[in-house]
Amino acid sequence: MSVRSSPSAPAADGGVRVPQEALKASAAVDERIDFVREQAFTCLRLKTDKWNRFIAAEENLRLLLDFLDKGGQERLVLCTGPGGTLHAGHGQSPAPWKTKLLCILKKGTLKVSKSNFRRELWLGEVSGQPLEQVPVLIAEVLVSLLVNARNHGGWPRVVSEDISRHIEQLKSRVITLWGRAEGRTLLPLPLCIERSELEDTLLSPGDWPVDRTMVYSIETMVIQWTHQIWDILKKDSSQALLQGDNPGPNVEIEFWVTQKDNLLGIQRQIQNPKVEKIMEILKRIKSSYYASFSDIIQKVNQAVQEAVDIELHLRPLKKHISSLEERSFTHMEALMAPLFHTLCLIWSRSRHYCVPGRMVVLLEEFCNLLIDKAFAYLIPEELFKMELEEGMERVQQTIHVIKSFKRTFHQHREKIGQYYRDGDEVRPWDFPSGLVFQRTDCILERLLMIEELFASALDFLKLEKIELGGSRGKILSDMVYSMNDEFHDSWRILRESKYDPLDYTKKDFLADYTRFVGQNKDFDQRLGTVLNLAFQHSRGLESAFKLLQIFGGLLDRPRINELFAPNYATLLRMFEEETNCCQQILDRQREKLQNGHAGLGKNMPAVAGSLKWSQELRDRVLSSRSNLSHLTHMPLGSSEAEQVLRKCERLLEVLEQHDEEVYSSWTEGLEELCHAHLQEPLLALNQETGLFQVNFNPALTSVLREVKYLSMLKYHNIPKAALNLYSKKETLYMYTQTLSLVTQWYNRLQSTILEVELRLVEREMDGTRRQLQPALEGLAWSQDDLWGYIQRTRELVQGVASRVQRSKANVEALQELMAGFSHAPFITRKSSRSSNLLLMGDVKESVRRKYALITSTGEQIHRLVQENQVLLGADPDSPEWKAYTEYVDRMVLQGLVSAVRCSLLYFIENTDPALRIAPLFEVQMVLNGSDMTFKPPLDITKKDNFYDIIDKMVDQIFKMASYIPRVAQHNQKETYQPDIDDMAELAELSQTVRSRARGAVARVKEFQSSFASYRYLWTDDRGEFMRQFLLYGHVLSAEEAELYADYELTKNPPKLENFKEQICLFESLYLKVSKFEDKKIFCGWCQVDIKPFKVSLMNVIKKWSWMFKEHLLNHVNNSVQELATFIQETDKGLSKKVSDGDYAGLVDIMGHLMAIRDRQITTDQHFKPLKSTADLLKTYGQQLPEKVYTQLEELPEKWKNLKKVAFTVKHEVAPLQSNEVSVIRRKCVRFEIKQHEFREQFRTEIIFRIDVDDPYKLIDKTNRAVVQLETEMRKLQETAALFEVSFPDYKQLRQCRSDIILVKSVWDMVIFVKVTISL
């Protein structure tokens, strides 16, 4: 390291946080920072932008300034990082990058001055590879300085030799350490060899070394070389395995690559000429180390040959290892054969690797690679947390791959001789395979255990899907569910386990495995018991088969199958009983078939149904036989089983014979039947009703159905006659369906047409009957040209029928339109409202919608009538059409009458008290200002009163008839209104509604008068009431009011009891009013809503009550606050000290004393009433602020203390008060003289003369002089009262004031008279 002195930079004050702006400003002018920057540029090849970015960071700038300005920090290290960025530190930890370092050291521990910093700093450079620099430093610096004999002048020889020996040891150790750091073995040379020539080492004639020190140094170094070389030669690639690690094959290859390079390096160093010099010296001096070191050199040469050979032959394995590492675990099997092929070639070709120990190590490492890949694939810690199917698949795949690896090993082990050349000695793989697969076998054992657990888990997972039936099904199902819950709990323990189940060195998994296997055995026993019980309670063979299907693969578990095995004989017996039962069913069916009562398939014809029935019976037998044969452990080879199966075959043969008999009986005479019925006419006529029907014989329909279902049952030998008929099924179906429609249209038309409609379409009906006549006589089903006739007939009948039916539909639509409002009241309640009342505000909108509906209905009616005229082809002027319109007209009138009647009856029913229906109308009683009114008004003189509203509704109901124009226009009436108005029944109903409305109004007005006693509450003036109450303690009566007009009454302010009496009066009145009912019903249908009036009245009462409470609240608050303020200010004023001559201070003190004296009596008696008032307010729920209650408790004591203070102060200022009293009396005497003089002057004023031109101006001037003197008198009077001095009555001044008033009155009269005279 090169060192030179240099300076540094300033820092912020210690312990004080300096803002970043101040730091930057300080650094910008600091020469020490500039010096550090220049050194960084020079040593580290730093760029300007990197320095600017470094110094812009506050932490970097603070680090520099702290180093320069604070003590305790001896060094600073700068280095460059990735991208050329600059970094700084104190050198406590090594730099993370191998780069050059700039070290800055202080000569002392104090701060670096700004003036002499170049002499206070040391700079040094350290290489990024210090181990490379240290040997050079030792060789070029330390050795040159300390070993040079010219520098040992004056040293003892022992010291000189000792220093040289230590320097040599240091150099040797550093070189050795450097070699180890780089993975090489470096043999350090003795200093004497490095610094001397060969002739310096020649021996003397007497065979004694010239320099024993040199010989000692050489022999010492040879011993060290021997140890170093032996350490390398003793290295073995199996060392990692012996230490308990699990290395992969790459470690083996890397070991031999490293070993080869290391040995080659040692060989090159040994062949160095300087080492040859050493060997020559050892040989000449006959050193004992010569022979051993020569042997070491031979061993190195042999080891080099061995390492080169092994590295060369192992090199092809890199490709295989890379493929194994890159390939997914599930696809590794394909790589195993090529791998072992290569290993066999290495074994047979390498001279030095064909040793069992080395091959075992390599195979173990490949096993480790395989296991690592397996672990990565399985994820052992997550293995039991996977889905069972996925976990099972991964475990099985892993087992397969491992077994495949072992199998490939054994295959190549057997054929190892094939890899040797002819004549070569074959070396077999005779080492035990257990050495290779020791760890693999342990892992494989664990995997087989895990596979067993997963297989059991998959079996027992089926338990949650098992639901058993039968008489004991619930009990057995609960047992299964209990086992399922136990299994899930046990499996949950495995899922939640934290250990690695493949770690065979730990026993945690084995404990869980043992427990799980024991539990599985218990489950097998219990499940076998449940299965037996469920089988014993099965209701039949089908139930038993379903039970076995439910248990499924669980029957393959050995213990369960062993427990269930005795039931197979029972199952065979049940199958035999099922076969016998099916035989009996067949016998009964054949007997019924002979009697004509055979059971058939649902909705099927006789023959096909019988065949379908036998097919179902056959499927039943075959299904049972199939289920029996699919049972894996069923002993079907026994004699009993064979006998039962033969019985089943005989039953199937009888079924086939039965089907043949049924089918043959159906085909006999089928052709003649089809031919006879196809010759019949198309239609038949009922002479009594005149209605037509399709004449297609049911026997033909039966044949068609039989052929259809037989085809579905896959029968192929159907008779030709039936097939020919079935081939025409689409045509016949089209004929029959079309003729069926034609007959339906005609029959419906014939049955439903009215007389008025028949007269309009009579000619078309005759033409239709003529068209249908050929189908009754000459046309038969066997003819081929029927479709044209059928189409023409259909079009003719459909045309007439559709037009008549559309006209009828229009009439029905007309009736529906009328029904839309004729059966519903014109005005109704809104049921969606909670009150269910007929609200006045909704009536107008409801009427508008109803009128719009009626108008729209009228327009639609006329459109429908016009459409019928077109449909029926009628002449508007013909008698037939006029008769038709009169028919429609009567229909419309009847609808309107029904609508009016319905609406009036709705009102009558809802206003009938006897029916006790919910009220129909509601009237609100409200307090409007100073008057009690109703909404709507009840007074018939007012607009929109209640009676007028109801009367208007009745008129609107009648008026609906005027919104539909007349259909029969030839009757000379435009609307139906005259007919409605002339109906006596409707008029009588309307009068009933109106009379009930008048009665209800009278009853409500009578009820209104019951509230007269409360009228004063909303008519009287509360302010005037309160004023009289505060003056006289009560409200003046009428007699007192008359007296009050003449003279003043005696005032009697109210007491607290009076307030309480008034509040109680209004509170009780409030309670009474609150109990009023909210609504009252009159005549059973008119409801008066009293709540608005009640709420308003209660609010008014509350205002009366609150008026008194508010007064008391304000009184207490103001009194307490005023007294508290007075005590505080007075106590503060009395605390001031008054000195002699301080008149202002004395006046202030006397003012406070007078204030206390004036209110002493009232205040002493004031506290108890205030507390009583607060308690009274609390009883009425009126809480004063918490501060007021606190003051009520504290103020009496404060008042007493203030009086004591006042008494003390009064005695203290008594002398000063006495002096001031004398002064005040003198001022009073002087003012007495002054007012006498002013009186004399006042009497001579010009205002008392009659010849004054502007008297008011002079009066104002004189008044100002009097006011000035009165002001002076008041001040003097206040001062006298303050110091308790009796004040004289200045009568002259008072007389002056009286005279001014009188002279003003005189001049007012004079001016008034003059002005009056002048006018």
Side-chain angles (χ1 to χ4, degrees), residues 834-835 837 918-919 921-939 946 1000-1030 1032-1038 1040-1041 1054-1084 1086-1116 1172-1184:
S834 58
S835 60
L837 293 167
F921 292 99
E922 181 180 77
V923 178
Q924 285 188 343
M925 187 166 70
V926 297
L927 187 60
N928 188 6
S930 60
D931 192 14
M932 184 172 63
T933 60
F934 292 91
K935 290 183 179 180
L938 298 181
D939 190 352
F946 180 67
V1001 169
R1003 291 285 300 281
V1004 175
K1005 285 184 177 180
E1006 182 182 350
F1007 172 71
Q1008 179 185 8
S1009 61
S1010 63
F1011 294 95
S1013 59
Y1014 301 97
R1015 186 175 181 80
Y1016 73 94
L1017 291 171
W1018 64 80
T1019 57
D1020 287 358
D1021 186 0
R1022 288 193 298 274
E1024 179 61 23
F1025 184 98
M1026 192 64 181
R1027 188 185 68 81
Q1028 295 180 12
F1029 179 76
L1030 294 176
Y1032 310 109
H1034 65 280
V1035 180
L1036 298 179
S1037 61
E1040 290 175 333
K1055 299 181 179 179
L1056 186 60
E1057 289 75 11
N1058 301 118
F1059 278 97
K1060 182 177 181 181
E1061 180 183 349
Q1062 290 295 328
I1063 294 173
C1064 289
L1065 172 65
F1066 287 108
E1067 289 294 330
S1068 60
L1069 186 60
Y1070 180 86
L1071 184 61
K1072 179 181 178 181
V1073 172
S1074 66
K1075 295 180 180 179
F1076 286 174
E1077 55 185 346
D1078 292 340
K1079 299 180 185 295
K1080 190 171 181 63
I1081 300 173
F1082 297 91
C1083 302
C1086 182
Q1087 175 176 287
V1088 177
D1089 185 7
I1090 309 172
K1091 189 172 182 180
F1093 170 76
K1094 174 184 171 182
V1095 172
S1096 300
L1097 183 58
M1098 290 170 66
N1099 289 336
V1100 170
I1101 295 172
K1102 273 298 180 184
K1103 289 179 181 178
W1104 282 93
S1105 175
W1106 172 247
M1107 179 175 67
F1108 294 99
K1109 295 176 185 176
E1110 184 181 26
H1111 179 81
L1112 294 177
L1113 284 170
N1114 293 336
H1115 171 67
V1116 174
S1172 299
T1173 304
D1175 293 339
L1176 177 64
L1177 289 171
K1178 188 180 293 185
T1179 60
Y1180 290 112
Q1182 301 298 325
Q1183 290 286 344
L1184 291 165

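Index from 1, following the sequence.
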Min side-chain heavy-atom separation Leu1071-Lys1075 under 4.5 Å: yes

Test item: Gln1182 and Trp1106 side chains (from C-beta on) under 4.5 Å apart, heavy atoms: yes

Minimum-distance pair of heavy atoms, taken over all atoms of Cys1083 and Ala1000: SG-CA, 3.7 Å

Approximate separation, where rounding is to 0.5 Å, of Lys1094 NZ and Leu927 CG: 14.5 Å

Validation row: Lys1103, Phe1066 side chains within 4.5 angstrom (heavy atoms): no

Mutual orientation of the aromatic rings belonging to His1111 and Phe1059 [parallel < 30°, tilted 30-60°, perpendicular > 60°]: parallel

Contact check, side chains of Lys1102 and Glu1067, non-hydrogen atoms, under 4.5 Å: yes

Ser1105 side chain to Ile1101 backbone, donor-acceptor under 3.5 Å: no

From NZ (Lys1178) to OG1 (Thr1173), nearest 0.5 Å: 13.0 Å

Over 12 non-hydrogen atoms of neighbours within 6.0 angstrom of NZ in Lys1055: no

OG on Ser1074 to CG on Leu1069, rounded to 0.5 Å: 10.0 Å

Nearest heavy atoms of Asp1078 and Asp1089, plus distance in Å: O-OD1, 3.5 Å

Side-chain (Asp1175) to main-chain (Ser1172) donor-acceptor, under 3.5 angstrom: no

Side-chain heavy-atom pair Phe1108, Leu1112 within 4.5 angstrom cut-off: no

Any residue meeting side chain to side chain contact (heavy atoms under 4.5 Å, CB included) with Val1088, in chain and number order, not counting sequence neighbours: Met925, Phe934, Val1004, Phe1082, Ile1090

Short side-chain to backbone donor-acceptor contact, Lys935 and Val926, under 3.5 Å: no

Between CG on residue Leu1097 and NZ on residue Lys1072, distance to nearest 0.5 Å: 10.5 Å

CZ on Phe1093 to OG1 on Thr933, rounded to 0.5 Å: 10.0 Å

Lys1091 side chain to Lys1079 backbone, donor-acceptor under 3.5 Å: no

Within-4.5 Å side-chain heavy-atom neighbours: Lys1080 and Gln1087: no

Approximate separation, where rounding is to 0.5 Å, of Asn1099 CG and Tyr1070 OH: 7.0 Å

